[in-house]
Amino acid sequence: MTVIRGATTIEQDDKEEIRKAVKELLEGIVERNELKRDEIVSMVFSSTSDIHAYYPAKAAREAGFGSTSLFSAQEPDIEGGLALCIRVMLFVERNIQPTHVYLRKAKRLRKDLSSIYNIAIDGPAGSGKSTLARALAESCHILYLDTGAMYRACGLKAVREKIDPDDELAVCDMMRGLSLEVEYRDGKQKTILDGEDVSEQIRGPQVTAAASAVSKFAAVRAKMVEKQREIAGKQSCVLDGRDIGTYVLPEADFKFFLTATPQVRAKRRCEELRAKGYDVSCEEIEREIRFRDEQDSSRAIAPLRKADDAVEIDTSEMTIEEVLETIKRKIQEKI
Ligand code: DC
């Protein structure tokens, strides 16, 4: 017999959130322990006293764990304890070396047991985030999630369907029919929009502008953030974006915020685009970058902002290697 522990948190006491969190937690435990569902003898859940909307055991049954004996109990109200937390103990027939799974804010409960860690790299366009995040992920042998690519795919859909990316109602409507998957082939992220690999098509200037415009809407962000949290909850990864440290993963283990002057950023973007065959002018790109900075920083929901606990690095005068070394050193210092 093996006992496996797990815990997760929800943002608010809501039936749907409880269902999703329990499903994600149990699927994480099953996947990381390579379990077959029928070898789980029983599951005991406990939830903090601020959770009333649903029984975690019922959510487990609905998530396909109905053949296991299930039980939920409420924990005493402990001052200073983690809020809105669901814990589980799984009893498994086989003797295995258990991997305990702590997700979302529950990661802070057992840093020693939680082998998943997330590195958040935020910053404006051209600050070097994506090159850095990719190199860092490679050197740590973990996944790189380019969250900008996901917003770019939404922007591409708007462009293709001739939807005004500033028209919230139209974009919201478009999101209902959007199918977006992030896949990894040979370690490289592929962005799949409506079944088609659009990893290259999302890089052009028109899509870039549309991505920034559609990303200010709640309907877009909610869908993207849910997917990002799901991916980051299952494995260690480096995520780059605008709101990773402040909103997507406020509990990320390491947070960095990269900056550079608009001129340097425009020059980098310009070279990158020219290398891809786009005929662009650096002045035009600088104007576009300044406009995007303003739009990404001033939107109401999860704007581009440095998290209070993020390490800020001005990359204007640094090479990628120097930034990478600085980030690795900061990570070492924190460990
Ligand atoms: O990082 P990028 O240039 O590929 O991002 C494209 C746009 O997507 C950016 O202008 C704003 C939006 N975005 C966002 O709002 N939040 C993120 N986490 C990542 C990107």
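For this chain, numbers begin at 1 and follow the sequence in order. Being a predicted model, the structure only gives us computed values, none of them experimental. In listed order, ligands and their atoms are each counted from 1.
- In terms of protein heavy-atom proximity, atom 18 (N) of ligand 1 is closest to Asp243 OD1, 2.8 Å.
- In this structure, atom 19 (C) of ligand 1 lies nearest to the protein heavy atom Thr147 OG1, 3.4 Å.
- Taking a cut-off of under 4.0 Å to the non-hydrogen atoms of Arg152, the atoms of ligand 1 that pass are 2 (P), 3 (O), 4 (O), 6 (C).
- The proximity of Met224 to ligand 1, defined as any non-hydrogen pair under 4.0 Å, does not occur for either the backbone or the side chain.
- Of the possible donor and acceptor atoms, one in the side chain of Tyr184 sits under 3.5 Å from a partner among the backbone N and O of Tyr144.
- Which parts of ligand 1 touch Ser212 is read off a 4.0 Å heavy-atom cut-off, strictly below it: atoms 10 (O).
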Throw together a table of side-chain donor-acceptor distances under 3.5 angstrom for residues 241-250, partners on residues two or more places apart or in other chains.
{"from": "Arg242", "atom 1": "NE", "to": "Asp296", "atom 2": "OD2", "distance (Å)": "3.3"}
{"from": "Asp243", "atom 1": "OD2", "to": "Arg221", "atom 2": "NH2", "distance (Å)": "2.8"}
{"from": "Thr246", "atom 1": "OG1", "to": "Asp243", "atom 2": "O", "distance (Å)": "3.4"}

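- In terms of protein heavy atoms, atom 13 (N) of ligand 1 is closest to Tyr151 CD1, 3.6 Å.
- In this structure, Glu181 CD and Leu193 CG are separated by 10.5 Å, a value rounded to the nearest 0.5 Å.
- In the vicinity of Asp296, heavy-atom distances shorter than 4.0 Å reach the ligand 1 atoms 9 (C), 10 (O), 11 (C).
- Once rounded to the nearest 0.5 Å, the distance linking CG of Asp166 with CD of Gln295 reads 6.0 Å.
- In terms of protein heavy-atom proximity, atom 12 (C) of ligand 1 is closest to Ser215 OG, 3.6 Å.
- With hydrogens and angles left out, the side-chain atoms of Thr315 and Arg268 include a donor and acceptor closer than 3.5 Å.
- Heavy-atom proximity to Lys129, at under 4.0 Å, picks out these atoms of ligand 1: 1 (O).
- If you check which protein heavy atom lies closest to atom 1 (O) of ligand 1, you get Arg242 NH1, 2.9 Å.
- At the shortest separation from atom 7 (C) of ligand 1 among protein heavy atoms lies Arg292 NH1, 3.8 Å.
- Defined by atom type and a distance below 3.5 Å, a donor-acceptor pair is missing between the side-chain atoms of Tyr117 and Gln235.
- Side-chain contact between Arg274 and Glu271 is absent, with no heavy-atom pair separated by less than 4.5 Å.
- Checked by atom type, the side-chain pair Tyr54/Asp13 shows no donor-acceptor distance below 3.5 Å.
- Judged by distance alone, the side chains of Ser67 and Arg37 never bring a donor and an acceptor atom under 3.5 Å apart.
- In the vicinity of Arg299, heavy-atom distances shorter than 4.0 Å reach the ligand 1 atoms 14 (C), 15 (O), 16 (N).
- Taking a cut-off of under 4.0 Å to the non-hydrogen atoms of Gly241, the atoms of ligand 1 that pass are 17 (C), 18 (N), 19 (C).
- Taking any N or O of Arg221, backbone or side chain, at least one lies under 3.5 Å from an N or O belonging to ligand 1.
- Checked against a 3.5 angstrom limit, the closest N/O atoms of Asp146 and ligand 1 fall outside it.
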For residues 73-89, which side-chain N or O atoms pair as donor and acceptor with protein atoms under 3.5 Å away, sequence neighbours left out?
{"from": "Glu75", "atom 1": "OE1", "to": "Arg87", "atom 2": "NH1", "distance (Å)": "2.8"}
{"from": "Glu75", "atom 1": "OE2", "to": "Ser46", "atom 2": "OG", "distance (Å)": "2.6"}
{"from": "Glu75", "atom 1": "OE2", "to": "Arg87", "atom 2": "NH1", "distance (Å)": "2.9"}

